[in-house]
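Basis for what follows: all heavy atoms, side chains included, without hydrogens, waters or symmetry-related copies. When a ligand or atom number is given, it counts from 1 through the structure's own listing order. Only a predicted model underlies this, so the values are computations on that prediction, with no experimental measurement involved.
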Amino acid sequence: MTRKGSNLIAIGRGREGAPEVLFVVFDDETGAGLHPRDRTPPFGAALSGAALEAAGIGSRLLELSASDVKRGDVPELRGVNAGVVAVEAGARHEGFLERLRPEVRERGGSLALFGLYSGMSADSILTRGLADFCVVGEAEAALPGLAERLISGGGGAFPPGVKWLEPDGGIGFSGPSAPVNTDDMPFLPLPVLTDGRYRKNSFPVAIGRPLKWGFALGNRGCRFSCRFCTAMTRQSLRKEYRLCSPERLFEEMKYQVERGGRTIISVEDDLFTGNREWTLRFCELLEKNGWATPWIMQTRFDCLDDEVLAALKRAGCAGMTCGMESGSDRVLEALGKRETVETIRRTGKLINKYGFATRYTTMIGSPGETEADARMTAALVRELNPTVVQMSFCTPYADTELAKEAGLRSGDRRFEDPAAGICALSADRLKRIRLKFYAKHYFSLSYLRGHAAGAAKYLIENPRIAAGQNAAFASFVARQALKTAGLRFVSRRAE
Ligand code: SF4
């Protein structure tokens, strides 16, 4: 099959005629089927590509969809002189890897895996011959060095964070991955940034002009360890909390606005305000420089206070995502959130006082959760009235403490799953609770009074995107309602 050229993004240029690196990622890596799915740039591949360009090696990025894999397609390699094909695969892509590896080898290249599955299951992947190399740890820490070494054909040791199969069948390992110095990271390459496919769909904020999203990563890691936290949806799970210099992040944001024409920036750090002093310094830097482009970030309620919120407002922060999870202290404790409902309530009111756009994420079906707990969550959401609320089913993803505690096999559980069996409420019951929650919340008078005007502005400023999002949400609600009523709904198109 011939892949359409539009699916390929040239990340960086290399020497004329020299082999390149082809990064392959899947656009179904996370997602719940219900919530507007963010299309976040694949930072690992994009930053590795930028580092390779600095070393004179070109690279391209190919995004495949779940249906590509189901159909048995492998990337068309004929048009790309790929010395290394680096794939961010999951366990469900094993069949794809089996087909891909001979094609790569036939052309004299090497197949390297990176990402969570590569890190968790490297030995088994290599023993079964699914890849030549597995990156263990952050892609951008090991992939550029590995690709450079393979393409140049030079000898010497592999960079830390790489595993391979030895001729005697043993597993070679270059040692634990060294953390990336955040200040040394390249900027997200402009061809990726401006491609148009990457958008923060979960954050419909009106800014007075069409949204052109920029994405930046500043601080890495998180200093908390919630039991449900998964690297499927996080940039930097359980990695040491590493701060970049405020100047580094500011420079990248400026670059994205001035060179990339971005009108809003999402800072994708897992815990943006995890260090109070850093946050105040960063905000002061933006304020002093007259920063005028809106930006959003994500953090925890207990990492915000009046002074920090005031500084964020002055620095042009337009909104934030916070993990609320539950309105029940008992559930928050079971999740290892180390936060109380009172802190969430008090901080949520302060956030509203400053007028930030808000996206709060909640969960139901957590360990030991009852219907009464779920009602408490709905009541807390009603009280704080965020711009967007997302209710997911608590799911023990493969890499979570929840999965370990429940004795679940570390498989390839990648999508939220109400049937995970970690709470007494049945999957059907959880689906009904969620549907009722959405219907009551989004059609309530308080929600409409608080957010209808903003939603209308967003729709006018971004008509095409907003129409698509609204249609997807309406279709989901309709399907769920029909299913809940015991009717089967199968769209003609899906058939
Ligand atoms: S605070 Fe957020 S990023 Fe940190 S461990 Fe908890 S869920 Fe994960």
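At a cut-off of 3.5 Å, with distance as the only test, a side-chain donor of Y354 or D306 sits close to an acceptor on the other residue. A donor atom on one side chain and an acceptor atom on the other are found under 3.5 Å apart for S202 and D38.
Remark: K440 engages no residue in a salt bridge (charged side-chain N to carboxylate O under 4.0 Å, His left out) (not counting sequence neighbours). Considering only residues two or more places apart in sequence or on other chains, E53 meets the salt bridge (charged side-chain N to carboxylate O under 4.0 Å, His left out) condition with none of them.
Listed by number with element, the atoms of ligand 1 under 4.0 Å from a non-hydrogen atom of R300 are 1 (S). Near C226, meaning under 4.0 Å from any of its heavy atoms, are these atoms of ligand 1: 1 (S), 5 (S), 6 (Fe), 7 (S).
Taking backbone and side-chain atoms together, C229 has an N/O/S atom less than 2.8 Å away from atom 8 (Fe) of ligand 1.
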